Amino acid sequence: MPTFLAVIIFSAAKNVNRRKAIRETWLRFADTRRVEHFFVIGTAGLKVDSIEALNSEHQHNKDLLLLPYLKDSYSGLTAKLLEAFKWIAQQHQFEFLLKVDDDSFVRLDALYDEMVEKDRATKSEAHSTLYWGYFDGRAHVKRTGQWTESDWFLCDRYLPYALGGGYVLSRRLVDYVVTSAPLLQHYKSEDVSLGVWLSPLAINRVHETRFDTEFKSRGCIDTYLISHKQSVAEMKAKYDSLVTQGRLCASGESEVKLAYEYNWKVQPSKCCVRNVTMIS
């Protein structure tokens, strides 16, 4: 049967331990589900021994997407996203795509099962244009440092976008981005770029408080589907806790800061009031 959920995981050549940890933890939750995953790595400029090591890793695991014309860097993330979209759209059949970073931990079983259930319940236009993530609309455009957006002219804040630690797109939206690629403006952040590209479309944007994908983690909550900014040790601890205790947070839930529900009825600068606790 064709893949239901394709997973692309942004990684870098040196992050061998992170990839190993992901294979040994949350990717195991795929089990018999219709999931395919690929670690996306730019290889331009790498030394021969690094490329040989990656080729050997791929021969063993069959899960690396190596991009020979792309050098991994923060400024190249948007190009990396586009190349990954192009490749997976051309080479694979799937219904939805999950993009995460290699420091994200995913409750792949719970996320997948929920998506399948929703897909069975409704084959609506809204489901075929799903953009599912933890959205932000009040972030000021960066004018200094590595995040400087010298080409940004749209407004003084980024357009609403799902944070890049993890988000889901329907196949239809992936195809739209691939088709539009020659005309798309690239910005430094891939998640900001995607938000801009999809901003004029009449699509189904779903804000998800169970995606802990902000720049700093909001803590550990058992219902989280995606937890960003995780170390290898934290990934292993979460996996072991799920296997042995059936809960994500081995030491109990903790909340560093409140979440917010995105208010789509106000200006983006007023979208996101932190007043939601995730602790039940």
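Just so it is clear, the structure is predicted and the values come from calculations on it, not from any experiment. For this chain, numbers begin at 1 and follow the sequence in order.
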Got a salt bridge between [X] and [Y], using NZ or NE/NH1/NH2 to carboxylate O under 4.0 Å?
X	Y	result
Glu24	Arg28	no
Arg171	Asp175	yes
Lys47	Glu52	no
Arg172	Glu95	no
Arg19	Glu57	yes
Lys99	Asp191	no
Lys118	Glu114	yes

I'd like to know whether Lys62 forms a salt bridge (charged side-chain N to carboxylate O under 4.0 Å, His left out) with Glu36, so could you lay out the CA-CA distance, the side-chain angles of the two residues, the decisive distance to 0.1 Å, and finally the verdict. CA-CA 11 Å; Lys62 308 297 183 185; Glu36 284 188 286; over 6 Å; no

Would you mind telling me which of Asp72, Val40, Thr43 makes a side-chain contact (heavy atoms from CB on, under 4.5 Å) with Leu67? Val40

What class does the angle between the rings of [X] and [Y] fall in, given that below 30° is parallel, 30 to 60° is tilted and above 60° is perpendicular?
X	Y	answer
Trp152	Tyr158	perpendicular
Tyr260	His207	parallel
Phe29	Phe105	perpendicular

Atom [atom1] of [X] with >12 non-hydrogen neighbours under 6.0 angstrom:
X	atom1	result
Tyr74	OH	yes
Lys71	NZ	no
Lys86	NZ	yes
Gln245	CD	yes
Gln91	CD	yes

Member of Thr3, Asp113, Asp109 meeting the side chain to side chain donor-acceptor pair (under 3.5 Å) criterion with Arg33: Asp113

Test Arg138 against Asp136 for salt bridge (charged side-chain N to carboxylate O under 4.0 Å, His left out), laying out the working first. CA-CA 6 Å; Arg138 74 229 136 118; Asp136 194 1; 2.6 Å; yes

Backbone of [Y] reached by a side-chain donor or acceptor of [X] within 3.5 Å:
X	Y	answer
Ser104	Val100	no
Glu208	Arg210	yes
Ser231	Glu234	yes
Ser170	Ser128	yes

Do Lys80 and Glu83 pass the salt bridge (charged side-chain N to carboxylate O under 4.0 Å, His left out) test, and can you show the C-alpha distance, the side-chain angles, and the key distance before you say yes or no? CA-CA 5 Å; Lys80 186 173 184 174; Glu83 290 306 310; over 6 Å; no

Hey, does [Y] have a side-chain heavy atom less than 4.5 Å from the side chain of [X]?
X	Y	value
Thr223	Met278	yes
Tyr176	Leu201	yes
Leu163	Glu214	yes
Cys272	Glu261	no
Leu184	Leu82	yes
Glu253	Cys220	no
Ser241	Lys238	no
Ile8	Leu98	no

Testing the 3.5 Å rule here: is there a donor-acceptor pair between the side chains of Asp103 and His228? yes

Going by atom types only, do Thr129 and Asn204 share a side-chain donor-acceptor pair under 3.5 Å? no

Take Phe211 and Tyr167 through the ring pair (Phe, Tyr, Trp, His ring centres under 6.0 Å) test and state the conclusion after the steps. CA-CA 8 Å; Phe211 288 10; Tyr167 52 78; 9.3 Å; no

side-chain contact (heavy atoms from CB on, under 4.5 Å) between Arg218 and Lys229: does it pass, once the steps are laid out? CA-CA 10 Å; Arg218 302 196 308 273; Lys229 301 295 184 180; over 6 Å; no

Please assess Tyr131 against Val206 for the test side-chain contact (heavy atoms from CB on, under 4.5 Å), listing each intermediate value before the final yes or no. CA-CA 6 Å; Tyr131 182 20; Val206 178; over 6 Å; no

Given the rule in the side-chain contact (heavy atoms from CB on, under 4.5 Å) test, do Trp197 and Tyr161 qualify, once you have shown the distances and angles that lead to the verdict? CA-CA 10 Å; Trp197 300 339; Tyr161 66 99; over 6 Å; no

Can we call the ring centroids of Tyr112 and Phe4 under 6.0 Å apart? yes

Are Tyr262 and Trp264 close enough that their ring centres sit under 6.0 Å apart? yes

Between Val177 and Leu194, is the side-chain contact (heavy atoms from CB on, under 4.5 Å) condition met? List the steps. CA-CA 8 Å; Val177 171; Leu194 183 62; 4.0 Å; yes

Which value, rounded to the nearest 0.5 Å, describes the distance between Ile88 atom CD1 and Phe38 atom CZ? 5.5 Å

To the nearest 0.5 Å, tell me how far Trp132 CH2 sits from Leu173 CG. 14.5 Å

Take Asp63 and Arg23 through the salt bridge (charged side-chain N to carboxylate O under 4.0 Å, His left out) test and state the conclusion after the steps. CA-CA 10 Å; Asp63 64 357; Arg23 294 186 189 104; 2.7 Å; yes

